[in-house]
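Here's the structure, in C-alpha cells; my notes come after.
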Protein chains: 2
Amino acid sequence: METAILLFPVVTSLDAIGPYEVLHRIPGNNVRFVAQNAGPQPDENGALQLTAPHSFEDVTSADILLIPGGYGTRALTSDELTLQWVRKLDATTTWTTSVCTGSLVLGAAGLLQGRPATTHWMAYNELAAFGASPTQQRVVFDDKYVTAAGVSAGIDMALELVIKIFGSELASAIQLGIEYDPQPPLDSGSPSKAAPEIVELVRSVGADAQANS
Amino acid sequence: METAILLFPVVTSLDAIGPYEVLHRIPGNNVRFVAQNAGPQPDENGALQLTAPHSFEDVTSADILLIPGGYGTRALTSDELTLQWVRKLDATTTWTTSVCTGSLVLGAAGLLQGRPATTHWMAYNELAAFGASPTQQRVVFDDKYVTAAGVSAGIDMALELVIKIFGSELASAIQLGIEYDPQPPLDSGSPSKAAPEIVELVRSVGADAQANS
C-alpha cells in the first residue's frame with residue numbers, strides 16, 4: 001500500500017503529521033512525503049523544516065493521497081505543476097484526502113466540484129469558490145474524497161479512514177498506540193463552542209497572518 | 001519568551017509537533033528546535049526528517065524545555081552530552097516538559113527523582129527505573145516538571161501549560177485556531193478503555209519495534 005503526503009513551503013506541520021502518525025502504523029503502508037522540489041520545506045511558523053525526500057517525478061501513483069493545509073496552499077491553488085500532479089495522483093488513488101486548507105488545493109484541481117467538503121472554519125468561503133459545498137462536519141466523506149476540518153482534525157480523519165479500509169480492530173490498535181484519548185482542558189475547539197469574542201479574536205489574527213504570508 | 005524543543009534521530013514526530021502547534025501560537029514565543037548535531041533528524045518511521053536548525057551550543061537557556069519521545073530516547077538516556085544539555089537548560093527553565101518517552105530522558109538526567117510523572121503507557125516500568133512514580137494521568141504537573149502520556153497527549157499538555165502561564169482566553173483562542181475539537185471515531189485511546197486483546201496486540205508490536213530500533 002502506498003500513501004503520498006504533499007509538502008510545500010508554509011505548510012502547517014500538524015496537518016501533515018497528525019494523520020501521518022496514524023497512517024504509517026498501517027502494516028505494509030509505504031508513506032512517502034513529496035514536494036515539487038524535494039528537500040526541506042519551511043513550515044508556517046518558520047521554526048521547523050519538514051523534509052520531503054521525493055519530488056513530483058518520483059511519485060506518480062498512490063492508494064491514499066493526503067494534502068495538508070497552511071497558508072502556503074494559497075500559492076498552490078494557482079500553481080499548475082502542483083495541480084497537474086494532484087490530478088495525476090488522484091487518477092490512481094482509492095482515497096484522495098485533505099486536512100484544513102489542503103481542500104483548497106483539491107478544489108483548485110477541480111476535484112471537489114459539486115461535492116460536500118470541509119476545511120478550516122475560517123476558509124469556508126474560499127472552499128465554496130471552487131464549487132464545493134462547505135459543511136461544518138469535522139470529517140466529510142464523499143465517494144473517495146475525504147476532507148477534514150482545521151489542523152488537528154486530520155487525526156480523526158485518518159482513524160476513520162483506517163476503519164473504512166481495514167476495520168475497527170486495526171484502528172483501535174493504532175489509537176491505543178498513539179494514546180489518542182483526548183482530554184482538552186477547555187471546550188473551544190470549534191466556532192460553535194468558543195465564546196464569540198474568542199472567535200472574533202482568532203478571525204482577526206488569522207486575517208493578519210494570511211495578509212503577511 | 002523562549003521555547004526549546006529537542007530533536008534527535010528516531011523521534012516520534014507527533015510528540016514534538018502536537019505541542020509545537022500550540023506553543024508557537026503564543027504571541028512573542030520564539031520556538032527553537034535543537035539537536036546534538038543541527039540538521040535533519042530521521043523520525044521513528046524513517047519516512048520523514050525534521051530539521052533542527054540549532055545545536056546544543058546555540059541554545060543555552062529557555063523558558064520552556066520540551067523533550068518529545070520515540071524509540072530514539074533509549075539511546076539518549078545514556079548519552080552524557082544530551083543529559084548535560086538537558087540539565088543545563090533545566091537550570092534556566094520556568095517549565096521543563098516531556099511527551100511520551102521523552103520523560104525517560106528527564107528521568108535519566110536525574111530530574112524526576114521522587115516525582116509523580118507519566119510516559120507512554122508501555123513505558124511505566126522504564127520510567128520507574130529512574131526514580132519517578134509513574135501515574136496514569138494524561139498530563140502530570142509536579143512543580144515545574146510537566147510530563148504527558150503517549151504521542152498525542154502533548155497537545156493537551158501544551159494547552160494546559162498555556163492556561164497556567166497566560167490563562168484561559170489565550171488557550172481558548174489557540175484551541176480554536178487549531179480547531180482542536182477531537183472526535184475520535186472509537187474509544188480505545190488508553191489501556192483502560194481498549195479491549196484486552198487490543199492492548200496485548202499493541203504491546204507485542206511495540207516490543208518488536210523497540211527490539212528492532
Side-chain angles (χ1 to χ4, degrees), chain A residues 5 12-14 17-18 20-21 24-25 30-33 40 45 47-53 100 120-121 138-139 149-153 155-156 159-160 163 168-169 171-173 175-191 193-195 197-199 201-202 205-206, chain B residues 5 12-14 16-18 20-21 24-25 30-33 40 45 47-51 53 100 120-121 138-139 149-153 155-156 159-160 163 168-169 171-173 175-191 193-195 197-199 201-202 205-206:
Chain A
I5 302 179
T12 300
S13 295
L14 184 55
I17 301 306
Y20 165 65
E21 285 291 355
H24 84 64
R25 286 173 163 79
N30 180 34
V31 180
R32 291 186 287 180
F33 286 90
N45 177 259
L48 184 66
Q49 296 182 327
L50 305 176
T51 296
C100 198
H120 193 284
W121 60 271
R138 190 154 173 85
V139 179
V151 191
S152 62
I155 302 173
D156 294 328
L159 285 170
E160 289 201 30
I163 293 173
S168 293
E169 188 179 4
S172 294
Q175 184 179 6
L176 181 58
I178 63 168
E179 215 163 336
Y180 184 49
D181 179 27
Q183 295 171 23
L186 299 164
D187 190 19
S188 65
S190 84
K193 294 178 174 177
E197 62 272 21
I198 297 290
V199 177
L201 173 67
V202 175
V205 171
Chain B
I5 302 178
T12 300
S13 295
L14 184 54
I17 301 306
Y20 165 64
E21 285 291 357
H24 83 64
R25 285 173 164 78
N30 180 34
V31 180
R32 291 185 288 180
F33 286 91
N45 177 258
L48 183 66
Q49 296 182 329
L50 305 177
T51 297
C100 199
H120 193 283
W121 60 271
R138 190 155 175 83
V139 179
V151 192
S152 61
I155 302 172
D156 294 327
L159 285 170
E160 288 201 32
I163 293 172
S168 292
E169 188 179 4
S172 295
Q175 184 179 8
L176 181 58
I178 64 168
E179 215 163 336
Y180 185 49
D181 180 27
Q183 296 170 24
L186 299 163
D187 190 18
S188 65
S190 85
K193 294 178 175 179
E197 61 272 22
I198 297 291
V199 176
L201 173 67
V202 174
V205 171

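Chain letters run A, B, ... following the sequence lines, proteins first and then strands; every chain starts at 1.
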Quick one: which of [options] has the most heavy-atom pairs under 4.5 Å with chain A, could you say?
options: B:Pro182, B:Cys100, B:Ala195; answer: B:Pro182
options: B:Val139, B:Thr12, B:Ile5, B:Asn30; answer: B:Thr12
options: B:Lys193, B:Gln49, B:Glu169, B:Arg138; answer: B:Arg138
options: B:Asp181, B:Asp187, B:Val202, B:Asp156; answer: B:Asp181

Q | Shortest non-hydrogen contact from A:Ala171 toward B:Leu186 | A | CB-CD1, 3.5 Å
Q | Where B:Trp121 and A:Leu176 come nearest, the two heavy atoms and their spacing | A | NE1-O, 3.1 Å
Q: Would you mind checking which part of A:Ala149 comes under 4.5 Å of any heavy atom in chain B, side chain (CB onward), backbone (N, CA, C, O), both or neither?
A: both
Q. In terms of heavy-atom proximity below 4.5 Å to chain B, should A:Ile163 be classed as side chain, backbone, both, or neither?
A. side chain
Q. Are any of the side-chain heavy atoms of A:Tyr180 and A:Ile155 separated by less than 4.5 Å?
A. yes
Q. Are any non-hydrogen side-chain atoms of A:Ser13 and B:Glu21 less than 4.5 angstrom apart?
A. yes
Q: Measure the spacing between NE2 of A:His24 and CG of B:Leu48 and express it to the nearest 0.5 Å.
A: 9.0 Å
Q: Quick one: pull up OG in B:Ser168 and CD1 in A:Ile198 and give me the separation to the nearest 0.5 Å.
A: 9.0 Å
Pairs of heavy atoms under 4.5 Å with chain B: top-ranked of [options]:
options: A:Val151, A:Leu159, A:Asn45; answer: A:Asn45
options: A:Glu197, A:Arg25, A:Gln183, A:Gln175; answer: A:Gln175
options: A:Pro184, A:Gly18, A:Ser190, A:Ala194; answer: A:Pro184

Q: Please state whether the side chain, the backbone, both or neither of B:Leu201 comes within less than 4.5 Å of a heavy atom of chain A.
A: side chain
Q: Answer yes or no: is there a donor N or O on one side and an acceptor on the other, between the side chain of A:Glu179 and the main chain of B:Ala153, under 3.5 Å?
A: no
